[in-house]
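In what follows, a single structure is set out as structure tokens and then discussed.
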Amino acid sequence: MADDYYQILEVPRTASAEDIKKSFRKQARKHHPDVNPGNKAAEERFKQLNSAFEVLSDPQKRKLYDEFGEDAAKLGFDEKKAEAYRAYRSGGRGGGRSGGGIPFSSAGGGGADFDLGDLFGDIFGRSGSGDFDINDVLRRQAGPRSPGRGEDITARVSLSLAEAITGAERTLAVQRPGRCQRCNGKGEAGNTGPCPTCKGSGRLRRSAGMPFSGACPTCNGTGRAAEPCSECGGDGVIEENTRLTVKVPPGVQTGSRVRLSGQGAAGTRGGPPGDLYLETEVAEHPLVRREGDDLYLDLPVTVSEAVLGAEVKVPTFQGEVTVKVPPSSQSGRKMRLKGRGAPSLKGGAPGDLYLTLQVKVPDDATPEVKAAAEALARAYPRDVRQELKL
Ligand SMILES: [Zn+2]
Ligand SMILES: [Zn+2]
């Protein structure tokens with residue numbers, strides 16, 4: 001429809017209030033219908049001037065116009081609706097939609113029935129007869145009197161590595177909005193009264209702040225609406241302190257987020273509950289190092305086990321396993337136990353457990369140990385440092 005209001009008033013966007021007023025007066029005098037009888041172009045221009053001035057002379061309206069352009073009029077220059085629209089537009093809470101905009105209709109026709117007497121009155125209610133309904137926006141945002149999804153809640157859980165790998169159960173003290181028992185979360189008392197939106201008329205009339213008309217969306221035109229629950233005030237939720245027993249699935253790491261569906265805050269007015277997220281923190285283990293789903297463990301063996309080979313018992317988080325140490329195993333030899341690492345949180349194959357052999361020399365050199373070592377020295381006189389040349 002109209003051009004930019006600043007262009008109409010022939011002022012820069014940075015113009016002061018005084019400049020705007022001056023420019024408006026000058027041009028209004030020039031294009032006033034009394035001075036231009038029968039001149040349709042002048043009449044149209046005069047209307048535009050007044051529209052522009054009404055907005056730009058009002059700091060609040062000017063601010064919203066700067067932000068939303070001509071759509072500001074459809075928001076009734078109402079900061080609350082602007083806020084709702086902003087949130088909606090940014091795909092915020094409740095909407096679940098991202099980007100895009102409200103399907104604003106292009107604003108009304110040429111103003112055939114325009115009444116000059118309206119010029120300083122309620123001109124904004126005239127525009128927009130299309131499919132934009134601010135109540136849709138408000139409803140989508142779980143505004144008053146519409147069901148809304150409950151908030152998501154995050155709880156931190158600290159675990160040992162063993163618990164992280166095998167799974168754990170925790171009882172958490174949770175403070176969350178819970179379902180109101182009195183109204184069963186509906187937010188409504190059993191009786192009805194006059195609809196608070198339309199004051200009982202069942203209809204909403206188009207006005208400056210409401211660019212639509214028709215049946216009241218709150219009461220669907222009946223004029224009666226349930227009275228709000230006296231316990232929760234109508235939201236259907238009450239802050240509650242509760243204890244929740246939760247299961248932490250096997251395989252979590254520090255920073256894992258586990259979603260427990262529907263365990264978050266209760267929805268308002270019977271809306272669906274939010275989710276509870278467990279954010280896990282896993283303590284370091286003194287012996288086992290973890291990399292992703294793989295685990296690393298040093299496995300001590302005796303000199304004779306390393307020389308002769310042996311079957312040794314190795315503890316894992318899934319229970320003890322027997323591992324074959326091959327004969328003539330050097331210290332540092334690596335062995336892989338497939339699937340004995342951490343389970344995959346994402347449902348894939350589990351990690352592996354890597355063992356690193358560590359030959360332990362007897363730290364108690366008894367005469368028998370000494371004699372055995374001397375016998376070994378005689379039996380194995382090779383120079384083990386022969387290759388050690390720098
Ligand atoms: Zn109503
Ligand atoms: Zn209630």
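When a ligand or atom number is given, it counts from 1 through the structure's own listing order. Values reported hereafter were calculated over all heavy atoms of this structure, with side chains retained and with hydrogens, waters and symmetry mates removed.
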So the protein N/O/S atoms within less than 2.8 Å of the Zn ion (ligand 1) come down to Cys195 SG, Cys198 SG, Cys216 SG, Cys219 SG

Are any of the side-chain nitrogens in [X] or [Y] under 4.0 Å away from the carboxylate oxygens of its partner?
| X | Y | answer |
| --- | --- | --- |
| Asp363 | Lys360 | no |
| Arg45 | Glu10 | yes |
| Glu291 | Arg289 | yes |

Hey, do the aromatic rings of His285 and Phe317 have their centres closer than 6.0 Å? yes

When you check the space around the Zn ion (ligand 2), which protein N, O or S atoms turn up under 2.8 Å? Cys180 SG, Cys183 SG, Cys229 SG, Cys232 SG

Rounded to the nearest 0.5 Å, what separates atom CD in Gln48 from atom CD in Glu43? 11.5 Å

Heavy-atom count check: over 12 atoms from other residues, nucleotides or ligands less than 6.0 Å from Arg179 CZ? no

Would you say Lys338 and Arg336 make side-chain contact, with heavy atoms under 4.5 Å? yes

With respect to Leu355, which candidate in Val314, Val325, Thr316, Val301 satisfies the side chain to side chain contact (heavy atoms under 4.5 Å, CB included) definition? Val314

State which residue, out of Arg62, Lys61, Arg13, fulfils the side chain to side chain contact (heavy atoms under 4.5 Å, CB included) condition with Leu56. Arg62

